[in-house]
Amino acid sequence: MSTNPNDWWREAVVYQVYPRSYADSNGDGVGDLPGITSRVPYLRRLGVDAVWLSPFYPSALADGGYDVDDHRDVDPRIGTLEQFDELVAALHGAGIKLVVDIVPNHSSDRHAWFREALAAGPGSPERERYVFRRGGGADGELPPSDWTAAFGGPAWEPVGDGDWYLHLFAPEQPDWNWAHPDVRADHLRTLRFWADRGVDGFRIDVAHALTKDLTEPLPSKAELAGLLDGSHPLFDRDEVHEVYAQWRELFDRYDPPRTAVAEAWVPAHRRARYASPEGLGQAFNFDLLKADFDAAAFREVVTDNLRFAEEAGSSSTWVLSNHDVVRHASRYALPPGTDENAWLLSEGKDPVPDADGGLRRARAATAFILALPGSTYLYQGEELGLAEVADLSPAALQDPTWRRSGGEQKGRDGCRVPIPWTAAGPSHGFGSGGAHLPQPSWFADVAVDRQDGVEGSTLEFYRQALAARRRLRTGDDLTWLPSPEGVVTFTRPGGWTVLTNFSHPGVELPAGRVVLCSGPLRGNLVPQDTTVWLEDEPA
Ligand code: GLC
């Protein structure tokens, strides 16, 4: 295990806060920075090493804040720069690091440079900072290509003078032109701005999309399919690593060096360069988000990713939930293969989720990943065992996915509902007013104050797991032990044994002293959907 304090990120437990939905200090229904600061004692007690803040920058919220008007400021609804400094001080005072989200693929359409680009007209240098192209047809009335955006609809938006601009996400999120020196310089300035304010690390949004090859003629959508080797004009191009090499130089000028983690949706074998020490240093592996709760599937994902991380000279990352996916307590409550979007469209009724089983499996999976080498990313509310809020009415939805897909994709609001702190009171203790996304009545049963100090509650289970992990974590090694079908067992150096029973009727408890159980044992048997951690008995 590294004893260099600069390597804190290698085995960190990083807790993701979605600022608008965490804690609202002024009762306006929107979570804010003072709200988060007020919860630092809770985070300390939970035992996390770092907090990752999703965007809190000025934004029209066309995409939950990932449409950034000004990357070097705080949205007035969320706070001020002074309040940001107070949050940094409170977290650091509690021994917790801070990671902020950087959104470099696009700005918002309200960004000063985009407004200038629109005003300056076709062919102007201002337009070169973004990706403008002439439309086809006699008067430029046709899009430059047939590409579609991630949230649905065309990836090009006309501006009324024959030019169209590229947006891989919502139309309110114009893509930057990363071939432009202004764009590069401005992002370096942004990184310095936050690093100088004491931020410890950065989470890089869609890190694989920045650099693009838009040589004409543009290929058709059909021609783009299957280009996974660096030849895709929009994603995962080799040149993107020149950007990150430059960022790494900047990060390493700080003491301690600033860290970064890439959100790069690339095939596993292409992840290493993002995670290399010359690049961002770490990259998310979302493989478990896509895997069924299945022994063989989990073991394969772990084996592969430990190898990839080693090849990259990094440590692996483990994630079960975040602000973009159905919460894992709900995913595991649905039969394998369920179409999650269809389930959300049925308001969570078809199929009927097995809520108890889902929570059991979620806790078992969490205990499994927390015992792995590498760092773990937790998403706010999962420590309460929160399920997805699947029955949000269409009128309440904020995610652009819903509108852009013409109501075919329900989107990600169900995991972004403000979390319940108290069973009673307005917005369950989120704030003194309402909540910007409606909270369901069952939030009362899972609120923090209902679980605090209650033996066996999910909150106490997370606290216990993080405390034990802090004591036991032991570097990069893991050894698989032979196990019956449906069971995975491994040991870590220092006498730490971990067993997860995914699907066996009941497997015998290995030798050792039990330090953590994700659910009750049955005498000497570990029941299905349960993880147990054991420590060697002192000789
Ligand atoms: C990332 C974010 C997601 C956002 C998208 C566009 O995938 O996690 O929430 O919508 O980038 O910025």
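Every heavy atom of this structure was used, including side-chain atoms; hydrogens, water molecules and symmetry mates were not. Just follow the structure's listing: the first ligand is 1, and inside any ligand the first atom is 1. Note that the structure is predicted; figures quoted are calculated from it, not measured.
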- [ ] Please indicate whether R403 has more than 12 foreign heavy atoms, meaning atoms of other residues, nucleotides or ligands, lying under 6.0 Å from its CZ.
- [x] no

TODO: Could you list the atoms of ligand 1 found under 4.0 angstrom from a heavy atom of H106?
DONE: 6 (C), 12 (O)

Open item on the list: Between R133 and D163, does any side-chain N to carboxylate O distance fall below 4.0 Å?
Closed with: no

- [ ] Could you tell me the residue and atom name of the protein heavy atom closest to atom 2 (C) of ligand 1, and the distance to it rounded to 0.1 Å?
- [x] D205 OD1, 3.0 Å

Task: Sub-4.0 Å heavy-atom approach of F151 to ligand 1 - done: yes

Open item on the list: Closer than 4.0 Å to some heavy atom of D324 - which atoms of ligand 1 meet that?
Closed with: 2 (C), 3 (C), 7 (O), 8 (O), 9 (O)

Task: Ion pair check, D292 and R331, cut-off under 4.0 Å - done: no

- [ ] May I ask you to check whether F286 and W265 place their ring centres under 6.0 Å from each other?
- [x] yes

Task: Atom indices of ligand 1, in the order listed, that fall short of 4.0 Å to a heavy atom of R416 - done: 9 (O)

Open item on the list: To check your reading of the model: name the closest protein heavy atom to atom 4 (C) of ligand 1, its residue, and the distance in Å.
Closed with: D63 OD2, 3.4 Å

Open item on the list: For the residue pair D32 / S25, report whether a side-chain donor-acceptor contact shorter than 3.5 Å exists.
Closed with: yes

TODO: Classify the ring geometry between H187 and W178 as parallel (under 30°), tilted (30 to 60°) or perpendicular (over 60°).
DONE: tilted

- [ ] Please indicate whether any nitrogen or oxygen in R412 is less than 3.5 Å from any nitrogen or oxygen in ligand 1.
- [x] yes

Task: Contacting atoms of ligand 1, where contact means under 4.0 angstrom from a heavy atom of E263 - done: 1 (C), 7 (O), 8 (O)

